[in-house]
Amino acid sequence: MRPFVVVAGARPNFMKIAPLLRALERHPTRPPHVLVHTGQHYDFEMSGVFFEQLGIRDPDVHLEVGSASHGVQTGRIMEAFDSYLARLSEPPRATIVVGDVNSTMACALVASKRLVPVAHVEAGLRCGDRTMPEEINRVVTDAVAELLLVSEPSGLANLEREGIPASRVRYTGNVMIDTLVEQLAKARAQDSPSIPDAPYAVVTLHRAGNVDDPRRLAGLVELLLEVSRRVRVVFPVHPRTRNQLASFGLAGTLESADTIELHRPLSYHTFVALMAGARLAITDSGGIQEETTYLGIPCLTLRPSTERPITVTHGTNVLVGDNLGLARQMVDELLAREPQHATPIDGWDGKAATRVVDALLEAFP
Ligand code: UD1
């Protein structure tokens, strides 16, 4: 039988493909599948450690594209994935892409042009802001996908509004939460020196809108200094953010604050343990908005919009956009909040990948 091709490229993809690969391996019909790593993220700490901790097997194919501007990176992935597909003796059963990174869109485009059907896991999410590269990746990927697997109810409404036929859409739930459910106990058992005994806030920042503009980043550094006067701050710094802090001359200010702990990017288990024990998360990540919702940890999102609105309506997430005054006020409010449990969300139950595999086998028999 022709194999499924599963694509992964950047850090947030790895927690999404791990349960998918497992569900494929455990399915009674053992559908054959190939794992392609584009190499968008290539460091051990952005990629290898996730393969190790999540038990993801070595990729069958590594495209080794590395970092570049968006256009160049997307083009390189397209070229490399296209020559991979061209070398196959028969076309794959379908290409499975996850999330919204450049690798997702690039491989979806290439597969669809070679008439290989595309399945998009985490389809339909929209923040409405086309200045975000991820929003372009979501819109383009969904436009060419033949099977759209949706993680939260807003995705169904967005796809309907965009005129995508309902016959292509399935509500399967959130595969990233599968990984969290499976790994949480192991993560909590971690005894990592990165996790303080005293109350703390965990911070992550990497979006272009926050870290590429010197004034915006300086304002955020100021906000973190203020937060650190109320509660200890633990901040694993994304490579892009580390570069920008250094080039805007802001790194020293953070490094000299003694209640701010800066780290290199952390492993999955250490980061989950850190998040699960935090009083507050401050972030611009998509995944962390969802993980904190599941864990019941208050989350302040430094973005004006979210493609994951259920984290605000049913969860623990508060958006503060560009308003740093509001951010300061919300930090105080959220630190005073008792830990809470979010309303359970349909399909965020640890079994989404099994539903995805059932949908794949039904759609591509
Ligand atoms: C990408 C995704 C973003 C995701 C994020 C998670 C896109 C458009 N963006 O953003 O949606 O939330 O990953 O991390 O696909 N770098 C390293 N080592 C690595 C990878 C990157 O040092 O292993 C550095 C490089 O200097 C690079 C920079 O990080 O220029 C940015 O990497 P890139 O993949 O372009 O985008 P991210 O900002 O990581």
Side-chain angles (χ1 to χ4, degrees), residues 7-17 37-52 54 59 62-78 80-81 97-109 120-122 125-127 129-141 151 176 179 203-213 216-217 220 235-248 251 263-268 271 275 281 283-292 299 301-303 305-308 311:
V7 174
R11 185 169 62 177
N13 290 164
F14 306 137
M15 7 335 193
K16 296 170 194 167
I17 59 148
H37 190 326
T38 66
Q40 177 175 347
H41 284 176
Y42 43 85
D43 287 344
F44 178 74
E45 55 192 14
M46 296 297 284
S47 173
V49 69
F50 291 83
F51 276 68
E52 215 171 84
L54 302 179
H62 206 303
L63 305 180
E64 295 181 347
V65 296
S67 299
S69 70
H70 285 263
V72 171
Q73 185 178 60
T74 304
R76 279 187 192 149
I77 299 168
M78 288 181 69
F81 189 60
V97 295
V98 300
D100 59 11
V101 301
N102 288 339
S103 301
T104 311
M105 178 185 73
C107 294
L109 274 175
H120 183 205
V121 175
E122 208 184 80
L125 297 183
R126 299 286 183 270
C127 66
D129 176 359
R130 295 222 176 163
T131 66
M132 287 187 67
E134 293 82 2
E135 182 77 349
I136 306 292
N137 293 341
R138 293 180 200 117
V139 169
V140 172
T141 304
S151 58
M176 194 191 58
T179 299
V203 174
T204 81
L205 278 179
H206 73 281
R207 297 275 170 209
N210 281 329
V211 307
D212 288 0
D213 171 38
R216 172 75 181 157
L217 191 55
L220 291 172
F235 182 8
V237 187
H238 188 284
R240 173 195 200 104
T241 310
R242 186 172 293 274
N243 293 341
Q244 299 297 52
L245 285 167
S247 61
F248 303 151
H263 293 282
R264 311 241 353 137
L266 298 174
S267 74
Y268 183 76
F271 188 75
M275 195 167 41
T283 192
D284 58 9
S285 148
I288 294 170
Q289 295 172 54
E290 295 184 334
E291 288 163 334
T292 48
C299 178
T301 296
L302 299 166
R303 285 178 44 193
S305 58
T306 181
E307 61 289 343
R308 294 160 160 93
T311 62

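In listed order, ligands and their atoms are each counted from 1.
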(message) Under the criterion salt bridge (Lys or Arg N to Asp or Glu O under 4.0 Å), I'd like the reasoning laid out for Asp284 against Arg303: C-alpha separation, chi angles, the key distance, then a yes or no.
(response) CA-CA 6 Å; Asp284 58 9; Arg303 285 178 44 193; over 6 Å; no

For ligand 1, find each of its N or O atoms that sits under 3.5 Å from a protein N or O atom, and tabulate the pairs with distances to one decimal place.
residue	atom	partner	partner atom	Å
ligand 1	9 (N)	Glu134	OE2	3.4
ligand 1	11 (O)	Glu134	OE2	2.7
ligand 1	12 (O)	His206	NE2	2.8
ligand 1	13 (O)	His41	NE2	3.4
ligand 1	14 (O)	His238	NE2	2.9
ligand 1	15 (O)	Gln40	NE2	2.8
ligand 1	15 (O)	Asn102	N	2.8
ligand 1	18 (N)	Asp43	OD2	2.8
ligand 1	22 (O)	Asp43	OD2	3.4
ligand 1	23 (O)	Tyr42	N	2.9
ligand 1	23 (O)	Asp43	N	3.0
ligand 1	34 (O)	Gln40	NE2	3.3
ligand 1	34 (O)	His41	NE2	3.2
ligand 1	38 (O)	Arg240	NH1	2.9
ligand 1	39 (O)	His41	NE2	2.8
ligand 1	39 (O)	His238	NE2	3.0

(request) State whether the side chain of Asn137 and the backbone N or O of Asp100 hold a donor-acceptor pair below 3.5 Å, judged by distance alone. (result) yes

(request) Let me know which of Phe50, Phe51, Phe81 forms a ring-ring contact (aromatic ring centres under 6.0 Å, His included) with His37. (result) Phe51

(request) Could I get the full list of salt bridge (charged side-chain N to carboxylate O under 4.0 Å, His left out) partners for Arg242, not counting sequence neighbours? (result) none

(message) With heavy-atom distances below 4.5 Å as the criterion, would you say the side chains of Pro265 and Arg11 are in contact?
(response) yes

(message) Looking only at the side chains, is there a donor atom on one of Gln289 and Thr283 sitting less than 3.5 Å from an acceptor on the other?
(response) no

